[in-house]
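First up is the structure itself, then whatever we jot down about it.
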Amino acid sequence: MTSNIRVGFGFDVHRLEKGKKFILGGIEIPNEKGPTGHSDADVLIHALCDALLGAAGLRDIGFHFPNTDQQFKNIDSTLLLKKVCDLLQEKKYSIGNIDITVVLERPKVNPHTEDMKKKLSEVMNISPEQISIKATTNERMGFIGKGKGVAAYAVVLIFSL
Ligand SMILES: [Zn+2]
């Protein structure tokens, strides 16, 4: 028996502004600044959605949830992630593992990664052990280093039997 194994990669970036909520990986982290965007601007979930869609050959997040569509304004990105998982399930794909790196200077992400993994695993109906979330700074260089933005990279492996 052979299984169909595929990988996907996703990247996203959002600008940070004062007074915005910092939603990352489906949870809120207390911070003076937060990402701006059409939805709740959850950069981690957006990168993850793009990785999942890419792995399945289902285009990208902007195709499925256009930011010109009012129904996605300020939407909770966990709902988008759930929808993406439904699309993969329709194509009979299961998730192997997920590896995510978030790049930002502040706030510290590492104290929150276990909560994020728990939240994402519930949304995706997988085990937290299938999810890895890492964080790094940009060594104070560039727009991320200056605290003007946050980026996330995600790699996923999916398979069908
Ligand atoms: Zn985004």
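Whatever order the structure lists them in is the order used to number ligands and atoms, beginning at 1.
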Distance in Å, I126 CD1 paired with S121 OG, rounded so as to fall on 0.5 Å steps: 6.5 Å
Side-chain heavy atoms of F9 within contact of D50, under 4.5 Å: no
The Zn ion (ligand 1): protein N, O or S atoms that are less than 2.8 Å away, sorted by chain: D12 OD2, H14 NE2, H46 ND1
Evaluation steps, side chain to side chain donor-acceptor pair (under 3.5 Å), between K134 and T101: CA-CA 5 Å; K134 312 186 299 300; T101 298; 3.1 Å; yes
Side chain to side chain contact (heavy atoms under 4.5 Å, CB included) against F143, all qualifying residues, sequence neighbours excluded: V13, K148
Heavy-atom side-chain contact between I98 and M124 under 4.5 Å: yes
pair H46-S39: side-chain heavy atoms closer than 4.5 Å: yes
